[in-house]
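Report on one structure; see the data block that follows.
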Amino acid sequence: MSLDTVSIAQSTPDNVQPFAELGLKPDEYARIKEILGRRPTSSELAMYSVMWSEHCSYKSSKVHLKQFGDKAPKSDALLVGIGENAGVVDVGQGYAVTFKIESHNHPSFIEPYQGAATGVGGIVRDILTMGARPIAVMNPLRFGPADAADTRRVLPGIVAGVGGYGNCLGLPNIGGEVVFDETYIGNPLVNALCVGVMKHGDIKLAKAAGAGNLVVLYGAKTGGDGIGGVSVLASETFGSGGSTKRPSVQVGDPFVEKVLIECSLEIFAEDLVVGIQDLGGAGLSCATSELASGGSGGMQVALDKVPLRDPSLSPEEILMSESQERMCAIVEPSKIGRFLEICKKWDVTVTVIGEVTDGDRLEITWNGEVIVNVPPRTVAHEGPVYNRPMAQPAYIDEVNSQKVNVPMPNSAAEIKAAVLKLAGAPNLADKSWVTAQYDKYVQGNTIQAQPDDSGMVRLDETTNLGVAISTDANANWSYLNPYQGAKLALAEAARNIATAGARPLAVTNCLNFGSPEDPGVMWQFAESVRGLADGCLEMGLPVTGGNVSFYNQTGSVAILPTPVIGVLGVIQDVRTRTPMSFTSAGLELYLLGQTQEDLAGSEWAFLHGQRVGQSPTADLAREMRLIELLLEGNAFFNAAHDLSQGGLSAGLTEMVLRHNVGAVISLSNPAVDLLSETPGRVIVAIESNKTSQLQALATKYSIEISKLGTTGGDSLTINESIISLSELREVHTSTFPRLFG
Amino acid sequence: MRVGVITFPGTLDDRDAARAVVAGGSEAVSLWHADADLKNVDAVILPGGFSYGDYLRCGAISRFAPVMSLVIEAAGKGMPVLGICNGFQVLCESHLLPGALTRNSDLHFLCRDQEIEIVNNTTAWTSSYKSGEKIVIPLKNGEGSFQCDDNTLAQLEGEGRVIARYVGQNPNGSRNLIAGITNARGNVVGLMPHPEHAINELTGPSAQGLGFFTSILNAMVK
Amino acid sequence: MAKIVVDVMLKPEILDPQGNAVASALPRLGFSFAKSVRQGKRFEIEVEGEPTADQLAQVEKAAEVLLSNPVIENFVVRVEK
Amino acid sequence: MAKIVVDVMLKPEILDPQGNAVASALPRLGFSFAKSVRQGKRFEIEVEGEPTADQLAQVEKAAEVLLSNPVIENFVVRVEK
Ligand SMILES: Nc1ncnc2c1ncn2[C@@H]1O[C@H](COP(=O)(O)OP(=O)(O)O)[C@@H](O)[C@H]1O
Ligand SMILES: [Mg+2]
């Protein structure tokens, strides 16, 4: 294939170009021509097509995501907001924390191990790019039914891939979710969150400033990985192949990434970069155009200098390659010597590929010939924006008008059976089979990890400052009412942090949905964003970033709307945290919050094949009072555990099994008390002489409390039902090994 | 007392090991794999991680690092050397310790709190423990199954060179539940689980791993 | 006795971190022979008696569905004495 | 083009959990041919031009010190067309 240069493009305006195959619509192609005043070269077409894909341009979601900015609460903590690789918040003592969640759904369906592994790798680079040392990861995962063949194919590989990559990087895995539902067959969700820490002064941005500064590519060599992966894998057409010799999957090399992290941190420590960007989706197209666009706009790159793993790659392919473990830095000429030295120390491949210019064009050459000459902003930040049609889907009224109709346990035997059924249900069963494949100890700062309500890591060994993070989604509620569902997930994530004694500070989110071209899905999406934005405003928590994953559907069946919300909080002294369970007998157990009959969207209803009714309505003012109560009560709570999926039944099961200390519980209306999933509830354990203190807090924050029972013994006793801990444990822990070996 | 902690490319638990060294009452000195100098340390720790990505075989590539020739030489002269997890693998690959560590029998990476029994408390790294003392420390690895031929096993057992065994169900298929071994002289110890992650109850399952780092003080006093 | 061998290698266009690690370790040890190294898997399958055509066909099938991952790997089946 | 191949297998007396896992997965998938399965490594080394005797000797050495662990593994070096 001959080289398509800018001058050839000028002289052959009528050449037919495969824009449709690259995923561009005719009007998008026309706009490119209008921007350039000529037809694009094939390299320019490659860049625009990949950067204007849904995945990179957010063209369907942008108009909605704007609300996160428009409705943003005033927050002094926010140091870097949406728009950079990841948001940054001030956590005090001079520390800044950055965190973000991203999806790697389609790639993980195609190649579970590598898809999940490179998902972890990608989000870690986003965090690193901000100038931070990555300190922990979390992985919310969703699969088809636990016994489905597709699940048996993808789950072990995904779990091994998450572990394989994260463990090798030395990042403790401190939490996540494992949820099963029919709609995720063929659409597993692999979301990956990373959190990193730095000092305020160390924040780095993706900006190419200063004419004459050098553009430096470092890390792995470029191969044909995932060419078209962004536009193809992350769009509705995935599955239809491109060139057979170009792999559609990216393969990760965690060792190279680990070295890249250490090398980069050493480079940052010596303040050797002006701007920096990781190479993720859309590879060099994205990195060069975003860096240039973030600066004054001018940049010149000699693409032939890019070190290749596969010498047969064409310039278009090099621009689109998604080879992993690469970074692009802007370096002042006076500092390049030291930069190269550090790379040499770490044995990292490094090449100067261009320089910042004082023009406003991104110009890319191939052996001296100009193959790209574009205004970078039009590639990176001014892509198409769609206001897609949306309409409340018909199912909403239908399911909302129905009532959950499931058998409710009555007798002692039925109650016991219900508790055991929930304890062993795949969505609620012990997840050690998964989490034991993740290193949670590395770095020596992990205070809480699975199965705690939230992950918690220490930032400072002397002051014991720490952060806690929880990710949550309740897709059942989101299905019944996407607006409420998003708010409820936000509330749950915040509560999960507060139970441990950490104050919620900031939010990230990963919005997993079906096709935006389906007006019903678009409505679910818009309602979810509206709910989250409203919720964050009410709770005073800024959204610092996130990710949107569309086209998670099989045929016309979309996944449940699954907005995964991550909340980060701060705890001044990790030694004071409240653990999720008790270690001794004789403590009193109280329920904070009142139980209503909320069976719609509950696990009990799900286990009976029902997803109907009205989701609960989030009362965020009350949630905030509950959070304040928890933070104050942290001083004397022996344990606190959030109630969510599986209600009180699941909450008690998790608490008694944690340290093998039983409990005696008495309930006036056991069926509803155990199975309802009314939001905003927490179990706390206190010494009996602290009752009046708890009472006072309850009054102060007007939260209803009721006594559940007492800790102790070797069984979970609920009224007349006696469930021995060994039986409960057997049921709770055998599900995953039975299913996955 | 200066205890060196070696960092290879891909080492992960170096800072944890250094923290544990300090908690045990010594000074931690970081050593870089490419160093041609042991910086006058009195003992050396090879920490856990995935040096060189654990590609090929765990520890196989690290063993050729320049610093390793110095470690091998010093170990021969009696310097205390402790290899934890990946460090244990490097010591086996370097033939400072016999046997090899292979893929866990269930083929999964396994991270859990593990009870082990200290069965030899006469080495440089285990003298703070009582013989038969049981401790709980993290185990985390994908290739922790200790394997060797029958003669080597008989020799290790016969000479009392098994220093720690897993208690309860075998977590990885190690022969004779071996969690750690020593060389004939007792100065070189390899241990699969991670005492450096058990130096306090805040960040580990216990503080029972500290003994490995206090033992070394006794070794020097002698 | 004969055995059936299945060699599974990453497709040439797929990144091979392990092979790369070996390739860059060799020169450090003074070995200069390798232009590139790829690392794959070798399965040795023992069968009852001499391998039959039917067994080989079965092995082909097993190599495709179990021993290799067709998304990223190629395989070869052969009989070795 | 010719390449040098190094096959590395666990010694017969060493436990091979990977091979065992394959051996027990096969019958579950309806394959009955295998009496036993061992899983090892295969290295494909590309050299400049045709492999020379000297190169092969070097590869033998590299196989001994790096590519295999003599405590648990055996290896074979050969040229493959
Ligand atoms: N759901 C969302 N909520 C908030 N911010 C979002 C969301 N989705 C994307 N963003 C923001 O849009 C920007 C672009 O995202 P993305 O292209 O995924 O970044 P990157 O390529 O660095 O991963 C980022 O700042 C990201 O945080
Ligand atoms: Mg980025």
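Convention: sequence-line order gives letters A, B, ...; per-chain numbering from 1. If you're wondering where the values come from, they're calculated on a predicted model, not measured in any experiment.
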Mind checking what makes side chain to side chain donor-acceptor pair (under 3.5 Å) contact with C/Ser36, not counting sequence neighbours?
D/Glu46
Listed by chain and number, what are the side chain to side chain donor-acceptor pair (under 3.5 Å) partners of C/Gln55, not counting sequence neighbours?
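For C/Gln55, no residue satisfies side chain to side chain donor-acceptor pair (under 3.5 Å) once neighbours in sequence are set aside.
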Shortest non-hydrogen separation from D/Asp7 to C/Arg42 and the atoms involved
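Looks like OD2-NH1, 2.9 Å.
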Hey, can you pull the donor-acceptor pairs under 3.5 Å for the side chains in residues 19-34 of chain C, sequence neighbours left out?
| unit_1 | atom_1 | unit_2 | atom_2 | d |
| --- | --- | --- | --- | --- |
| C/Ser24 | OG | C/Asn20 | O | 3.0 |
| C/Ser24 | OG | C/Ala21 | O | 3.4 |
| C/Arg28 | NH1 | C/Ser24 | O | 3.3 |

Value for CD (C/Gln18) from NZ (D/Lys41), rounded to nearest 0.5 Å, stands at 7.5 Å
When rounded to the nearest 0.5 angstrom, what distance separates CD1 in C/Ile4 from NZ in D/Lys35?
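Nearest 0.5 Å value for the CD1-NZ distance: 12.0 Å.
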If the contact rule is any heavy atom under 4.5 Å from chain C, which residues of residues 57-72 of chain D qualify, in numerical order?
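Contacts with chain C: D/Gln58, D/Val59, D/Lys61, D/Ala62, D/Val65, D/Leu66, D/Leu67.
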